[in-house]
Amino acid sequence: MNKNSSIEMLDQLVAFDTTSSKSNMQLIDFIEQYLKSFGISSEIIKDKHEEKANLLAVIGPKNVSGIMLSGHTDVVPVAGQKWSSEPFSMKERGGKLFGRGTCDMKGFIACVLSKVPDFINADLKEPLYLAFSYDEETGCTGVHSLVDVVNDLEVKPRACIVGEPTSMKVVNSHKGIRHLLTKVYGHENHSSTDRGVNAVSYASQIVNFLDELQEEFRQRKPQIEGFDPPYATIHVGRMQGGMVANITPNYCEIEWDYRPIPGTDEDEIYERYCDFIDGNILPGMRKKSSQYGDVKTDYLAKVPCLFPETGSSAESLVKHLAEQNSTHVVSYGTEAGIFHQKGGVPAVVCGPGSILQAHKADEYVEISQLDACERFLDRLLDVMKA
Ligand SMILES: [Zn+2]
């Protein structure tokens, strides 16, 4: 395969509809073949249904530390959004490239892939790792099996750059994500008997408790500067239960999330929630019925916070590459926290495009942002040359 410009490459990547609910295998296969055409083999780490995969490839020597470039291959759905042009066919208008994933985050992957020949032709003193994941947009669930492989490497990379859209600013810290499903089990009865265990009522008490807990965190001092908002958020996004007015509901579920701040106890909110269930909800149910009533809680996603490692070599490196003197924090979660906390690889987020253009109709990345990312990668190549 010939050397592609990042724009041509992005055009090809956008054409694969890798909405998280669909398979990303065709895109992974395309990247694998592209790398193979330069003699680079890839490790394909499939999910249990073999419908999705992560890809890990390495360029250069393997027995020394190195740098990892990471991005997710999935994109958010376009359903219900009003696009001016076909979302999976990239269009250029006024220096902007429109299409689903142009900004979040195939633009970064396109820049990286277009630079692969330069890294191959250079005499690298340390390896360049390429790590592309699936199911990031559904709670960073796909990357875990990739991080397991990273954990088995003889020498781990000294830095991981996650190319989420930060307008090429250096982001060294982000909030975590805890996404939970609470299932409240009651017992049905004719409403007139007052003998049922009302799952909707108990679920409502849980929602009220979470709202009160949010208020407590809103007021808590000290607030952590830089985050918007500067406190942990707790939010109920969905509640569903009950059938009709005259049947006591036997089931209700609540889907909720909270976003802890790095440097605080990430499990505190969950523990407080558990105490409330054990201390208030279950005893209330027991009073009503010795037989019925229960609460089960499942984690749907758990994304650790990204801790700032101010002054670390990974951070200094990325500031140098991005030609930035300052670092920033963001409220959204990324895979960087997982690379750092689970994989032990210092991670920094920096990539082309703005988060303001992500996840919407007419998502775009500015061509100037891709140019800036290419210069960033050129400087990386200079750092890695023997
Ligand atoms: Zn993203």
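Side-chain atoms of Thr334 come within 3.5 Å of backbone atoms of Ala336 as a donor-acceptor pair (strictly under, hydrogens ignored). Counting only distance, with no hydrogens or angles, the side chain of Asn198 and the backbone of Ser201 share a donor-acceptor pair below 3.5 Å.
Legend: side-chain hydrogen bond (donor to acceptor under 3.5 Å, both in side chains) pairs involving residues 227-237, not counting sequence neighbours: none detected. Within the structure, side-chain hydrogen bond (donor to acceptor under 3.5 Å, both in side chains) pairs that include any residue of residues 351-362 comprise Ser84-Asp362, Asp104-His359, Glu137-His359, Gln357-Tyr364 (at least two apart or interchain). Listed by first and then second residue, the side-chain hydrogen bond (donor to acceptor under 3.5 Å, both in side chains) pairs involving residues 305-322 are Asn172-Glu315 (not counting sequence neighbours).
Contacts of Phe276 classified as ring pair (Phe, Tyr, Trp, His ring centres under 6.0 Å), with partners at least two apart in sequence or in another chain: Phe209. Every ring pair (Phe, Tyr, Trp, His ring centres under 6.0 Å) that Tyr185 has, sequence neighbours left out, goes to Tyr251. For Lys62, there are no side chain to side chain donor-acceptor pair (under 3.5 Å) partners, not counting sequence neighbours. In this structure, the salt bridge (Lys or Arg N to Asp or Glu O under 4.0 Å) partners of Asp382, at least two apart in sequence or on a different chain, are Lys385. With sequence neighbours left out, the ring pair (Phe, Tyr, Trp, His ring centres under 6.0 Å) criterion links Phe119 to no other residue. Take Gln26 and apply the side-chain contact (heavy atoms from CB on, under 4.5 Å) test, not counting sequence neighbours, and it matches Phe16. In terms of the salt bridge (Lys or Arg N to Asp or Glu O under 4.0 Å) criterion, residue partners of Glu255 (sequence neighbours excluded) are, by chain and number, Arg238. Considering only residues two or more places apart in sequence or on other chains, His187 meets the ring pair (Phe, Tyr, Trp, His ring centres under 6.0 Å) condition with Tyr292. Remark: Ala110 pairs with Met9, Leu10, Leu13 by the side-chain contact (heavy atoms from CB on, under 4.5 Å) rule, at least two apart or across chains.
Taken to the nearest 0.5 Å, the CG atom of Asp11 stands 11.5 Å off from the NZ atom of Lys106.
A salt bridge links Lys296 to Asp294: at least one charged side-chain nitrogen sits closer than 4.0 Å to a carboxylate oxygen.
Checked by atom type, the side-chain pair Gln341/Glu266 shows a donor-acceptor distance below 3.5 Å. No side-chain donor-acceptor contact under 3.5 Å links Arg286 and Gln291. Side-chain N/O atoms of Lys342 and His144 include a donor and acceptor closer than 3.5 Å. Side chains of Asp74 and Ser20: a donor-acceptor N/O pair is present below 3.5 angstrom, by distance only. Between the side chains of Gln12 and Glu8, no donor-acceptor pair of N or O atoms lies under 3.5 Å.
Relative to the ring axis of Phe98, Arg93 places its NZ or CZ within 45° and under 6.0 Å from the centre.
For the side chain to side chain contact (heavy atoms under 4.5 Å, CB included) criterion with Glu126, the lone passing option out of Ile67, Asn63, Val155 is Ile67. Applying side chain to side chain contact (heavy atoms under 4.5 Å, CB included) to Leu377 and the options Leu69, Ile161, Leu128, Asp118 leaves one that passes, Leu69.
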Worksheet item: So Leu97 and Ile7, side-chain contact (heavy atoms from CB on, under 4.5 Å) or not? Walk me through it.
Response: CA-CA 8 Å; Leu97 301 165; Ile7 295 176; 4.1 Å; yes
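In this structure the side chain of Arg375 never reaches within 4.5 angstrom of the side chain of Glu323, judged on heavy atoms.
Under the 30°/60° scheme for interplanar angles, the aromatic rings of Tyr34 and Phe30 are found to lie parallel.
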